[in-house]
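Have a look at the structure below before the remarks.
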Amino acid sequence: HHPSRNVHPCPHKPFRPVLHEMTGLTKTNKVHLIDTSRSSRHKCRRRPASGATVYQNTRGADHARAINRTPGFLRSWEPHVAPSYARSPVARACTLAGCMDDFSTALAAAVTDLTSEIVALRRVIHQHPETAWNEYATTARVSDFPTTHGVAHEILDDGVGLIAEVGSGARCVGFRADLDALPLREATKEPFRSLVKTAMHACGHDAHTAIAAGIAAALQRTDVPGAVRFIFQPAEEAIPGGAVTLVDMGVHKGLEALLAFHVDPSLAAGKVGFRVGGITGAADRMAIELSGPGGHTSRPHQTVDLINVAG
């Protein structure tokens, strides 16, 4: 809805800080959440004003009670009232934020126009995967996309990874995507399957990268209220990862917030899941040094069996 409309916010508090954090909603520009279950604790007690965007919980009372018990629970919402153009994930995100104005209309139109190019970019990246710190060709392919659509960008000095930026102004937010593939052999029969026998985009980084490039191109066609910096990170799968290198380079400086996402096959296309706190796991590497007094295998009781200690 338009921010000038007088719409009362939903008083259900666990959702409000999350929505503020994700969308930067102002006091006069909020989304209504209505729960159709019987859990009165989870219902908005005021009806939305005319023209407001309404999202409806369709999972029932048990789901509502689970959310009440665990505020950080992954929440998934179906659109209840939405404009006709809200058919893409980006357009639906605009609907969720209540930004049904000229900007969101232009953004939705740009996404619709760019969708086939974004899909094509994802598939060519998928066909030519490169593992951590080897993403030279991937970086070059991604660089061609903002070049075509007039987005300012720069490839990092070592040739892997790039930074792009759209809009202008003192306020800037960042959006991060990862470039690298995994050292796996793809066994699918998809027409765009990996052409490299020793690598595959099994973690969805090809999608992350194509989507980020598409968002940048779409925003370039709109009047962005501020600046958005796109960070295409190499070596997400390595330890230590490319994020450490990028932070040391200072690519995050001047950002008010840095956003990222990960594809999730458990959610249907067009849905976005979110929660408060951690949502994914991470791997790390550590070294443990064991020491003990020397001894003889015939007298193990007089020494320390380090093999047994190591487990």
Side-chain angles (χ1 to χ4, degrees), residues 88-90 107 110-167 172-184 186 190-196 198-222 224 227-238 241-252 255 258-263:
S88 70
V90 173
L107 182 60
V111 169
T112 299
D113 188 48
L114 290 165
T115 295
S116 61
E117 293 182 57
I118 297 170
V119 171
L121 176 62
R122 181 255 165 172
R123 291 184 175 184
V124 73
I125 293 174
H126 189 93
Q127 284 184 301
H128 303 277
E130 295 173 302
T131 54
W133 298 119
N134 297 298
E135 308 96 325
Y136 297 100
T138 303
T139 298
R141 288 189 179 92
V142 175
S143 177
D144 289 341
F145 201 84
T147 297
T148 301
H149 295 282
V151 176
H153 65 284
E154 180 180 356
I155 295 177
L156 302 183
D157 290 341
D158 56 3
V160 290
L162 69 153
I163 308 295
E165 194 160 313
V166 298
C172 184
V173 297
F175 190 95
R176 170 265 191 192
D178 31 21
L179 297 168
D180 55 332
L182 287 165
L184 301 172
E186 183 167 2
E190 296 289 347
F192 53 87
R193 62 186 174 274
S194 174
L195 301 177
V196 181
T198 57
M200 173 191 177
H201 273 289
C203 199
H205 297 185
D206 51 340
H208 300 166
T209 294
I211 291 170
I215 295 173
L219 288 176
Q220 182 68 16
R221 300 186 182 189
T222 67
V224 184
V228 183
R229 185 179 306 161
F230 293 86
I231 301 169
F232 295 87
Q233 173 198 323
E236 190 273 341
E237 300 288 357
V244 176
T245 301
L246 294 181
V247 169
D248 290 342
M249 294 173 60
V251 300
H252 63 296
L255 299 179
L258 183 56
L259 308 178
F261 75 97
H262 205 291
V263 291

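Only heavy atoms go into these numbers, but all of them, side chains included; no hydrogens, no water, no symmetry mates.
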Checklist entry - Taking only residues two or more places apart in sequence, or in another chain, which ones meet Ala227 in a side-chain contact (heavy atoms from CB on, under 4.5 Å)? => result Glu165, Cys172
Checklist entry - Distance from His126 atom NE2 to Met200 atom CE, nearest 0.5 Å? => result 5.0 Å
Could you tabulate the donor-acceptor pairs under 3.5 Å formed by side-chain atoms of residues 209-220, not counting sequence neighbours?
unit_1: Thr209; atom_1: OG1; unit_2: Asp178; atom_2: O; d: 2.6
unit_1: Thr209; atom_1: OG1; unit_2: His205; atom_2: O; d: 3.1
unit_1: Gln220; atom_1: NE2; unit_2: Gly150; atom_2: O; d: 3.1

Checklist outcome for this item: Ala132 and Ala238 have their tightest heavy-atom pair at CB-CB, 3.8 Å
Item to check | Over all atoms of both residues, closest heavy-atom pair of Val196 and Pro129 | outcome: CG2-CD, 3.8 Å
Next on the checklist: Which heavy atom of Val263 sits nearest to which heavy atom of Gly204, and what is that distance?
Outcome noted: CG2-CA, 4.0 Å
Next on the checklist: Under the rule for side-chain contact (heavy atoms from CB on, under 4.5 Å), what residues qualify as partners of Ala120, not counting sequence neighbours?
Outcome noted: none
Next on the checklist: Return the CG to CD distance between Leu179 and Gln233, rounded to the nearest 0.5 Å.
Outcome noted: 8.0 Å
Checklist entry - Are any non-hydrogen side-chain atoms of Pro234 and Leu246 less than 4.5 angstrom apart? => result yes
Next on the checklist: As a quick check of understanding, evaluate side chain to side chain contact (heavy atoms under 4.5 Å, CB included) for Asp180 and Trp133, giving each step before the final call.
Outcome noted: CA-CA 8 Å; Asp180 55 332; Trp133 298 119; over 6 Å; no
Next on the checklist: Working to the nearest 0.5 angstrom, can you tell me the gap between Ile231 CD1 and Leu255 CG?
Outcome noted: 5.5 Å
Next on the checklist: Would you say that more than 12 heavy atoms from the other residues, nucleotides or ligands in this model lie under 6.0 Å from the CG of Asp248, or not?
Outcome noted: yes
Next on the checklist: Within the structure provided, determine whether Val173 and Phe175 are in side-chain contact (heavy-atom separation under 4.5 Å).
Outcome noted: no
Checklist outcome for this item: Residues passing the side-chain contact (heavy atoms from CB on, under 4.5 Å) test with Leu195, sequence neighbours excluded, are Gln127, His128
Checklist entry - How about Ile125 and Val142: do any of their side-chain heavy atoms sit closer than 4.5 Å? => result yes
Next on the checklist: Looking at every non-hydrogen atom in both residues, tell me the closest pair between Leu156 and Leu162 and how far apart they are.
Outcome noted: CG-N, 4.0 Å
Item to check | Nearest heavy atoms of Ser194 and Ala199, plus distance in Å | outcome: OG-O, 2.8 Å
Checklist entry - By ring pair (Phe, Tyr, Trp, His ring centres under 6.0 Å), which residues pair with His262, not counting sequence neighbours? => result His208
Checklist entry - What distance separates Ile155 CD1 from Ile163 CD1, expressed to the nearest 0.5 Å? => result 11.0 Å
Next on the checklist: Going by side chain to side chain donor-acceptor pair (under 3.5 Å), name the residues that satisfy it together with Thr131, two or more places apart in sequence or in a different chain.
Outcome noted: Asn134
Checklist outcome for this item: The ring pair (Phe, Tyr, Trp, His ring centres under 6.0 Å) partners of Tyr136 (sequence neighbours excluded) come to none
Next on the checklist: Measuring from atom CG of Asp158 to atom OG1 of Thr245, what distance do you get when rounded to the nearest 0.5 angstrom?
Outcome noted: 8.0 Å
Item to check | Qualifying residues under salt bridge (Lys or Arg N to Asp or Glu O under 4.0 Å), relative to Asp113, sequence neighbours excluded | outcome: Arg221
Item to check | Under the salt bridge (Lys or Arg N to Asp or Glu O under 4.0 Å) test, residues paired with Arg141 that sit two or more places apart | outcome: none
Checklist entry - Taking all non-hydrogen atoms of both residues, which atom of Val247 and which atom of His252 are closest, and how far apart? => result O-CE1, 3.4 Å
Checklist outcome for this item: Contacts satisfying salt bridge (Lys or Arg N to Asp or Glu O under 4.0 Å) that involve residues 115-139 (not counting sequence neighbours) are Arg122-Asp206
Item to check | Residue pairs fulfilling ring-ring contact (aromatic ring centres under 6.0 Å, His included) with at least one residue in residues 139-158, sequence neighbours excluded | outcome: Phe145-His149
Item to check | Results of side-chain contact (heavy atoms from CB on, under 4.5 Å) for Ala152 - residues two or more places apart only | outcome: none
Checklist entry - Do any N or O atoms from the side chain of Thr139 and from the backbone of Gly161 form a donor-acceptor pair under 3.5 angstrom? => result yes
